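What you see is a predicted model; the values in this text were computed from it and never measured. This chain uses plain numbering: 1 for the first residue, then up along the sequence.
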Amino acid sequence: MKWNKKNGFELLWLIVVTLVLYWPSFFFDFVNFDDQLYVLNNGFIINPSLSLLLDGSGTGNFHPLTMVSLKLDHILGGGAPITFHITNFFWHLFNSILVMILIRKLFPKIKGSAFFAALVFAIHPMHIESVAWISSRKDVLYTFFYLVSLLSYVNYISRGNTSYIVFTIIAAFLSLLSKPAAITLPIALLLIHFYIKRKVELKNIIGLPI
């Protein structure tokens, strides 16, 4: 897959449209719906410790990487909501770009499919909550590593380099640490393998001789 000037313009348009759409969210405040639980009154954010992190950080959910991400924003921005909102936006933008790359790899012969899919992903109303709501950091974060894992596996299939299997597993693990919903990733990987190879063999899936 080679990138040309047309691909560059598509990428630029994707960035501009996503930025224009979510620019207002940069100036949103915290909301009285889970933002207190995840940020404002969260024990890990206020006084971080490994025990709190591994205990779910008082949220009732186990997503330690998400909580570390929120804590970093709290440090960088001094607790100001704009830092959290901007970070959410960039994770969503990265995800949209990854969608474009993934679709381009899966459907190289369908012109315009990658840009269209990425644009729909970027502006779809279903993502507004995940981007504009600080407490939904787990959604944009787990999606990023989920897509990275998919892309790494596609590269393994196309190039045959088993190191991509390692990258796939690491990204999958990070996705799980961001949100347990990443448990669906093996199914997605299997579907991609079947789509590309049209058959499923264990030795090809895990990249090891059996």
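- Closest heavy-atom contact between Tyr22 and His92: CE1-CD2, 3.7 Å.
- By the 30° and 60° cut-offs, the orientation of the rings of Phe94 relative to Trp91 is perpendicular.
- Contact detail for Val148 and Ala171: the closest heavy-atom pair is CG1-CB, 3.8 Å.
- Using a 4.5 Å cut-off on side-chain heavy atoms (C-beta onward), Tyr38 and Thr59 make contact.
- Cluster annotation: Val154 and Ile170 are assigned to the same hydrophobic cluster (Ile/Leu/Val/Met/Phe/Trp/Tyr, side-chain heavy-atom contacts under 4.5 Å, transitive).
- To the nearest 0.5 Å, the span separating CD1 on Ile97 from CZ on Phe90 amounts to 9.5 Å.
- Ile187 CD1: 12 or fewer foreign heavy atoms inside a 6.0 Å radius.
- One hydrophobic cluster, built from ILVMFWY side chains closer than 4.5 Å, cannot hold both Leu11 and Val120; they sit in different ones.
- With a 6.0 Å radius and a threshold of 12 heavy atoms from other residues, nucleotides or ligands, Phe27 has its CZ atom above the threshold.
- Considering only heavy atoms from C-beta on, Leu150 comes within 4.5 Å of Leu185 through its side chain.
- The hydrophobic cluster containing Leu147 also contains Ile169, counting ILVMFWY residues as joined when their side-chain heavy atoms lie under 4.5 angstrom apart, directly or transitively.
- Within the 3.5 Å criterion, the main-chain N or O of Ser135 finds a donor-acceptor partner in the side chain of Asp35.
- A donor-acceptor contact shorter than 3.5 Å links the side chain of Asn42 to the backbone of Leu37.
- Residues Leu177 and Tyr142 have side chains not in contact (no heavy-atom distance under 4.5 Å, counting atoms from C-beta outward).
- The hydrophobic clustering, which links ILVMFWY residues whose side-chain heavy atoms are closer than 4.5 Å, places Trp23 and Val131 together.
- Crowding of Phe107 atom CZ: a count of heavy atoms from other residues, nucleotides or ligands under 6.0 Å exceeding 12.
- Asn47 CG to Ser49 OG: the interatomic distance, rounded to the nearest 0.5 Å, is 6.5 Å.
- When side chains are defined from C-beta on, Asn155 does not count as touching Asn161, because their heavy atoms never get closer than 4.5 Å.
- The NZ atom of Lys179 sits 9.0 Å away from atom CG of Asn61, with the distance rounded to the nearest 0.5 Å.
- Applying the side chain to side chain donor-acceptor pair (under 3.5 Å) rule to pairs touching residues 71-86 yields Asp73-Thr87, Asp73-Arg137, sequence neighbours excluded.
- Residues Met100 and Ala118 share a closest heavy-atom pair of CB-CB, 3.5 Å.
- Shown here is Phe173, whose CZ atom has no more than 12 heavy atoms of other residues, nucleotides or ligands within 6.0 Å.
- Heavy-atom minimum distance, Phe89 versus Thr18: CE1-O, 3.5 Å.
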**OP:** Check the pair Leu189 / Phe194 against side-chain contact (heavy atoms from CB on, under 4.5 Å), numbers first and verdict last.
**Re:** CA-CA 9 Å; Leu189 292 172; Phe194 181 76; over 6 Å; no
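- Counted by atom type alone, Thr184 and Tyr146 present one or more donor-acceptor pairs between their side chains at under 3.5 Å.
- Taking CD1 of Ile123 as the start and CG of Leu14 as the end, the distance is 10.0 Å to the nearest 0.5 Å.
- Although no hydrogens or angles enter the test, the distance criterion places a donor-acceptor pair under 3.5 Å between the side chain of Thr66 and the main chain of Ser178.
- The OG atom of Ser152 sits 11.5 Å away from atom CG of Leu102, with the distance rounded to the nearest 0.5 Å.
- Looking at Asp139 and Ser130, their side chains do bring a donor and an acceptor atom within 3.5 Å of each other.
- Residues Tyr195 and Ile101 share a hydrophobic cluster, clusters being chains of Ile/Leu/Val/Met/Phe/Trp/Tyr side chains in contact below 4.5 Å.
- Within the 4.5 Å cutoff, the side chain of Phe30 has heavy atoms near those of the Val39 side chain.
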**OP:** Show the numbers, then the answer: is there a side chain to side chain donor-acceptor pair (under 3.5 Å) between Thr143 and Asn95?
**Re:** CA-CA 7 Å; Thr143 300; Asn95 292 339; 4.7 Å; no
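- Between Tyr164 and Ile157, every side-chain heavy-atom pair lies at or beyond the 4.5 Å cut-off.
- Contact record, Pro81 with Asp29: CG-OD1, 3.7 Å, taken as the closest heavy-atom pair.
- The CG atom of Leu70 sits 8.5 Å away from the NE2 atom of His63 when rounded to the nearest 0.5 Å.
- Taking each heavy atom of Trp133 and Asp34 in turn, the nearest pair found is CZ2-CB, 3.6 Å.
- Here Ile46 is tied to no hydrophobic group at all, with no ILVMFWY side chain closer than 4.5 Å.
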